[in-house]
There are 2 protein chains.
Amino acid sequence: MPFTYEYPRPALTVDCVVFGFDEGDLKVLLIERDLKPFAGRWALPGGFVNLDETIDTAARRELAEETGLTEIYLEQLYTFGTVDRDPRERVVSVAYYALVKLEDHRPRAATDARKAAWFNVDDIPSLAFDHAEILDTALRRLKGKVRYEPIGFELLPEKFPLSQLQHLYEVCLEEPLDKRNFRKKILGMGLLTETDEVQQDVAHRAARLYRFDSRRYQQLKKRGFSFWL
Amino acid sequence: MPFTYEYPRPALTVDCVVFGFDEGDLKVLLIERDLKPFAGRWALPGGFVNLDETIDTAARRELAEETGLTEIYLEQLYTFGTVDRDPRERVVSVAYYALVKLEDHRPRAATDARKAAWFNVDDIPSLAFDHAEILDTALRRLKGKVRYEPIGFELLPEKFPLSQLQHLYEVCLEEPLDKRNFRKKILGMGLLTETDEVQQDVAHRAARLYRFDSRRYQQLKKRGFSFWL
DNA sequence: CACTCTTGGTGTAGACTGGACACCATGTCA
DNA sequence: TGACATGGTGTCCAGTCTACACCAAGAGTG
């Protein structure tokens, strides 16, 4: 026990809420705890912050270690620091939320030693610690932010039909959208480029696939454009 | 040095960006450091988090101790955790921003042992640590949030003329607003109640004073109303 | 091979909202 | 009493948002 301090210190951790979107449902990646407090319960991926890394780095490292995810959209959410949130001792946790293209990270359940699985956001098991509260905060943030920043595209594959995008927005905003108005608005922004591909293996007329042009978004943003839906 | 841990831990602090509004300018409350790193430099009020208090509580306690402010609007902003932000050792800081009615806390400079003073946000001295970055983040958050939550009222006295409110918005949004359109919109929300008082001691026609009806705002919010300016 | 089923893709008209704009009123001060 | 400073008010136009229905394309089935 070589590390001594003049005053007591809380432990510092990170926790990540990883969102994915698949078959019309918003999903969250959880891992099953194998260690003692709440062993066997599902929890958000996360862990302790090392002294030689920033908090952001810690979040990315823990995500890579526990879920294999790298190079994904990651943003700080909120810091949770109530006194009794961990039964062992005082632990303060900086929460992050991440958006991943679920296509690229399909089943992956038993890849690592840890058991990881995707859960539908409105069918979440009882979680360890205050992770239910963290997840709730993340969901509210996602639902708020999706309106004024084009983060929805982080959840879709590179090429996607407009109907899938619309569906994603309907889930996030919790309201149905009119197809024609949606297409008019989203295409009117000039942020989507039409590809020459269409859906494959669908039992009906195949839809054209589009791609999000983030280069163009950066340009427009500089000129005062703001995304809005 | 009685506190020992198996792994090293960063120290955990809070820092508060306190905004006030006065004579048409947005101001920030700073204190002059008397202790060693950056002694004599201006800094955000803040300090270490105790083990038996939440982070929010720590922020309120530090604000009370260092500036005498209590019962004010306070909200978590962001957690700053780059490795070298404190030259002594690894320190992670949870930043908050606060909004105060400057009327109630006028000069107050030398009330406490510490020297505290209000600075105009676009005339800030060189700050200790990464406090300039924290302040910058707080400003961006305030400017963003003022549009869709009625937090502007936290900066004004209880009773205020519409011109003052408009001026506050012009400063936050960094654009001039049309007087008639502004009045139409803000009064149309039904969140302001007219008092029977007018400005005192002004060298021109006195303006009617209004009061923000937060009770009514809570009601309307439940029914799906959303503030927008 | 024709019929059905499912989703893709398109335009218009009316309601509403947001922004531009100018003048008289009221009170102080010289 | 006249000049000066700010308070307080309404209309019109343009752009945006919303509601709404039909044909097209392709797969699947008998």
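Note that the coordinates shown come from a computational prediction; the quantities given were computed from them, not determined experimentally. Letters A, B, ... are given to chains in the order of the sequence lines, protein chains preceding strands, and every chain is numbered from 1. Heavy atoms only: backbone and side chains are in, while hydrogens, waters and symmetry mates are out.
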*Asks:* Taking ring-ring contact (aromatic ring centres under 6.0 Å, His included) as the definition, give me every residue that meets it alongside A:F19, ordered by chain and number, with sequence neighbours left out.
*Replies:* none
*Asks:* Quick one: bend of the helix from C:dC1-D:dG30 to C:dA30-D:dT1 from 5 pairs per end, to 10°?
*Replies:* 10°
*Asks:* List in chain and number order the residues that pass side-chain contact (heavy atoms from CB on, under 4.5 Å) with A:T82, two or more places apart in sequence or in another chain; answer none if no residue qualifies.
*Replies:* A:R85, B:T54
*Asks:* Indicate whether any N or O donor in one side chain lies under 3.5 Å from an N or O acceptor in the other, for A:E75 and A:Y73.
*Replies:* yes
*Asks:* Mind checking which nucleotides bracket the chain B contacts on DNA chain D, 5' to 3', with an atom under 4.0 Å from a heavy atom?
*Replies:* D:dA5 to D:dT11
*Asks:* Output side-chain donor-acceptor pairs under 3.5 Å for residues 182-194 of chain B, partner residues at least two apart or in another chain, one line each.
*Replies:*
residue : atom : partner : partner atom : Å
B:K184  : NZ   : B:N181  : OD1          : 3.4
B:T193  : OG1  : B:R211  : O            : 3.4

*Asks:* Would you be so kind as to tabulate the donor-acceptor pairs closer than 3.5 Å made by side chains of residues 167-176 of chain A, with sequence neighbours excluded?
*Replies:*
residue : atom : partner : partner atom : Å
A:E170  : OE2  : A:Q166  : NE2          : 3.2
A:E170  : OE2  : A:L177  : N            : 2.9
A:E174  : OE2  : A:K143  : NZ           : 3.3

*Asks:* Please list, chain by chain and in numerical order, all residues satisfying side-chain hydrogen bond (donor to acceptor under 3.5 Å, both in side chains) with B:D136, sequence neighbours excluded.
*Replies:* B:R140
*Asks:* Under the salt bridge (Lys or Arg N to Asp or Glu O under 4.0 Å) rule, what pairs show up with a residue in residues 217-229 of chain B, not counting sequence neighbours?
*Replies:* none
*Asks:* Kindly write out the residues that satisfy side-chain contact (heavy atoms from CB on, under 4.5 Å) with B:R180, not counting sequence neighbours, or none if the list is empty.
*Replies:* B:D178
*Asks:* Which nucleotides of nucleotides 6-12 of chain C have their base under 4.0 Å from a protein heavy atom (B), which only their sugar-phosphate (S), and which neither (-), written as one string 5' to 3'?
*Replies:* BSBBBBB
*Asks:* Applying side-chain hydrogen bond (donor to acceptor under 3.5 Å, both in side chains), can you list everything that pairs with A:T13, at least two apart in sequence or on another chain?
*Replies:* A:S93
*Asks:* For A:K179, which residues count as a side-chain hydrogen bond (donor to acceptor under 3.5 Å, both in side chains) partner, sequence neighbours excluded?
*Replies:* none
